[in-house]
Amino acid sequence: MGNRGQRAKKLISDKLSDKKFEETKHYSKRYAATVISIASAVICVLAVIGAFLLRDYFSAENLENLKIFVAEHWLAGALIFIAVCVVQVVIALIPGEAVEIAAGVIFGSWFGTLLCLVGITLGSIVVILLVRIFGRKFVESLYPREKIDSLPILRDPKKRNATIFFLFLIPGTPKDLITYIIGLTEVSIPMYIILTTVARIPSILMSTLGGDAFSEGEILKAIIIFAVAAVVSGAGYLVYMAIQKANKKRHDKTQE
């Protein structure tokens, strides 16, 4: 029993070592940008082809047909939607909230939330692995260096886990950027999954509840849910900006 406990603790513990992921230089920034650009182009082409082939199912008047299609092919529909979530996290072509609302419309609130969590978790794992393979320059090909350096607290082992949970709990924070930056730290993937999965549930569930209400014709209920979500997201973004400002001041004082 003691050995099992030690193995479990080791699995979710941060991999503290002399190797710093942020200093890795496997590939050039141009190479990383080329890879992500080609991947984005291929995904866009596939999305256009898929939308054309399934255009009849995605029109507003055929929403019921789409639900029937998913009900009859629930496994294929679930796998396709999980793949969409993975792409959304890795490439960030469309806002995550839009995907979550669609999950509520098509699959209902609870099953839609489950699919979102599975897809987002898989996409986040892909992001972390990509960052740890390609290094910091890969992240800099997607986000400005200033944004990357604006979250130094994530590299502090004493505060990092609590900060990750807090930032993912608050709606409105740039979770895609944060996930890429987490890949530059030594945080273990199992620990990341535990922290972010629990933290994401409230905001995802709110989006899927709104989508579910809209699909059931409960327009007023959907409007109220989306309005509350917008207010909470706005407040969360303001809190995030305040944290960023405080971090910048602290960083500037340290440099002085």
Side-chain angles (χ1 to χ4, degrees), residues 47 51 54 57-71 77-78 80-121 123-124 143 147 150-151 162-180 195-247:
L54 299 174
Y57 289 104
F58 289 93
S59 59
E61 59 273 16
N62 287 312
L63 180 58
E64 284 303 318
N65 290 340
L66 175 60
K67 289 185 175 182
I68 293 172
F69 176 82
V70 171
I80 291 172
F81 190 83
I82 288 173
V84 170
C85 290
V86 172
V87 170
Q88 188 278 320
V89 173
V90 177
I91 310 297
L93 291 173
I94 52 180
E97 290 77 9
V99 176
E100 294 161 9
I101 292 171
V105 171
I106 301 171
F107 299 99
S109 55
W110 295 105
F111 190 48
T113 297
L114 176 62
L115 292 180
C116 285
L117 287 173
V118 172
I120 290 172
T121 299
S124 299
Y143 299 100
K147 285 190 175 182
S150 67
L151 289 170
T163 304
I164 290 172
F165 182 84
F166 180 70
L167 291 177
F168 277 82
L169 179 65
I170 300 175
T173 56
K175 296 178 178 60
D176 293 332
L177 166 62
I178 296 171
T179 300
Y180 274 91
L195 292 171
T196 59
T197 298
V198 175
R200 285 182 187 271
I201 290 175
S203 61
I204 293 177
L205 184 58
M206 183 172 289
S207 296
T208 56
L209 282 170
D212 189 20
F214 178 80
S215 69
E216 296 296 328
E218 300 175 339
I219 306 301
L220 179 59
K221 180 180 177 181
I223 291 175
I224 293 174
I225 293 174
F226 292 145
V228 171
V231 171
V232 174
S233 295
Y237 180 75
L238 292 177
V239 171
Y240 171 76
M241 293 304 295
I243 293 173
Q244 292 295 89
K245 189 175 181 180
N247 284 338

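Numbers for residues simply follow the sequence, beginning at 1. Note that these values count all heavy atoms, side chains included, but never hydrogens, waters or copies made by symmetry.
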Stepwise side chain to side chain contact (heavy atoms under 4.5 Å, CB included) check, Ile178 with Phe168
CA-CA 9 Å; Ile178 296 171; Phe168 277 82; 3.5 Å; yes
Strictly distance-based, threshold 3.5 Å: is any side-chain N or O of Tyr180 a donor or acceptor partner for the main-chain N or O of Val90?
yes
Exercise: identify the closest heavy-atom pair between Ser124 and Val89:
N-CG1, 3.7 Å
Taking all heavy atoms of Met206 and all of Val228, pick out the closest pair and write down the distance.
CE-CG1, 4.2 Å
4.5 Å side-chain heavy-atom contact, Cys85 and Val99
yes
At what distance, to the nearest 0.5 angstrom, does CD1 of Ile225 lie from CZ of Phe214?
12.5 Å
Spacing of Ile164 atom CD1 and Lys175 atom NZ [to the nearest 0.5 Å]
13.0 Å
Measuring from atom CD1 of Ile101 to atom CD1 of Ile106, what distance do you get when rounded to the nearest 0.5 angstrom?
12.0 Å
Between atom CD1 of Ile224 and atom CD1 of Ile219, what is the distance when rounded to the nearest 0.5 Å?
12.0 Å
Exam field: side chain Thr208 to backbone Gly104, donor-acceptor pair closer than 3.5 Å:
no
Of the non-hydrogen atoms in Ala199 and Phe165, which two are nearest, and what is the gap between them?
CB-O, 3.5 Å
Where is the tightest heavy-atom contact between Pro202 and Leu169, given as atom of each residue plus distance?
CG-CD1, 4.1 Å
Of all the heavy-atom pairs spanning Gln88 and Gly96, show the shortest one and how long it is.
NE2-N, 3.3 Å
Just how far is it from atom CG of Leu209 to atom OG of Ser109, taken to the nearest 0.5 Å?
4.5 Å
So which of Ile120, Ile82, Val84 actually passes side-chain contact (heavy atoms from CB on, under 4.5 Å) with Leu115?
Ile82
dist Ile204:CD1 -> Thr197:OG1 (nearest 0.5 Å) comes out at 8.5 Å
Closest non-hydrogen atoms of Cys116 and Phe81, given as atom of the first, atom of the second and distance, are SG-CE2, 3.8 Å
Check step by step if side chain to side chain contact (heavy atoms under 4.5 Å, CB included) holds for Phe111 and Asp212.
CA-CA 11 Å; Phe111 190 48; Asp212 189 20; over 6 Å; no
